Amino acid sequence: MWVDVIGSLAAVLTTISFVPQAWHTWRTKDVAAISLGMYAIFTTGVALWLIYGLLLRAWPIVAANVVTLLLASAILAMRIRYGSRRRAL
């Protein structure tokens, strides 16, 4: 039981840590400090963690990585979209 509590708490904390960055990026369109390479690699890693969780049927891993993948993908998409706009200015 404690293992599930610790895993769930870790999943919640690491997942919600992306909310401020996603909100800030969406609100300001400021992507200057976001590394495209880092977010591309990170998003791929999260997708693999999601697949791993599905294969293990480890639902805390699945739930956390679904949400994290959505947030990281949104940040990555904004980095790609608004990053090219910044270069054009």
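All values reported here derive from a predicted model rather than from experimental measurement.
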- [ ] Return the minimal non-hydrogen interatomic distance between Pro60 and Ala11, and the atom names on each side.
- [x]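 Here Pro60 and Ala11 meet closest at O-CB, 4.1 Å.
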
Task: pair Leu76-Leu36: side-chain heavy atoms closer than 4.5 Å - done: yes

- [ ] Check whether any side-chain heavy atom of Thr25 lies under 4.5 Å from a side-chain heavy atom of Asp30, and answer yes or no.
- [x]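 No - every pair of side-chain heavy atoms lies 4.5 Å or more apart.
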
Open item on the list: If the condition is side chain to side chain contact (heavy atoms under 4.5 Å, CB included), which residues does Arg27 pass it with, not counting sequence neighbours?
Closed with: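 Expected list: Trp23, His24.
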
Within one Ile-Leu-Val-Met-Phe-Trp-Tyr cluster: [X] and [Y], side-chain cutoff 4.5 Å:
| X | Y | value |
| --- | --- | --- |
| Leu71 | Val66 | yes |
| Val62 | Leu55 | no |
| Val67 | Trp26 | yes |
| Ile6 | Leu9 | no |
| Leu48 | Ile41 | no |

TODO: Walk me through it: do Trp59 and Leu54 pass the test side chain to side chain contact (heavy atoms under 4.5 Å, CB included)?
DONE: CA-CA 7 Å; Trp59 304 119; Leu54 288 167; 4.0 Å; yes

Task: Donor-acceptor contact present, side-chain Ser17 to main-chain Thr14, <3.5 Å - done: yes

Task: Passing option when Tyr39 is tested against Ile80, Val31, Ile34 for side-chain contact (heavy atoms from CB on, under 4.5 Å) - done: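 Of all the options given, the one that passes is Ile34.
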
- [ ] Identify the residue among Asn65, Ile51, Thr15 that makes a side-chain contact (heavy atoms from CB on, under 4.5 Å) with Val46.
- [x] Asn65

Task: OG1-CG distance between Thr44 and Leu69, expressed to the nearest 0.5 angstrom - done: 9.0 Å

TODO: Give, for atom CD of Gln21 and atom CE of Met78, the distance between the pair rounded to the nearest 0.5 Å.
DONE: 8.0 Å

- [ ] With sequence neighbours left out, write down each residue that passes ring pair (Phe, Tyr, Trp, His ring centres under 6.0 Å) with Phe42, or none if nothing qualifies.
- [x]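 Ring pair (Phe, Tyr, Trp, His ring centres under 6.0 Å) check on Phe42 returns Phe18.
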
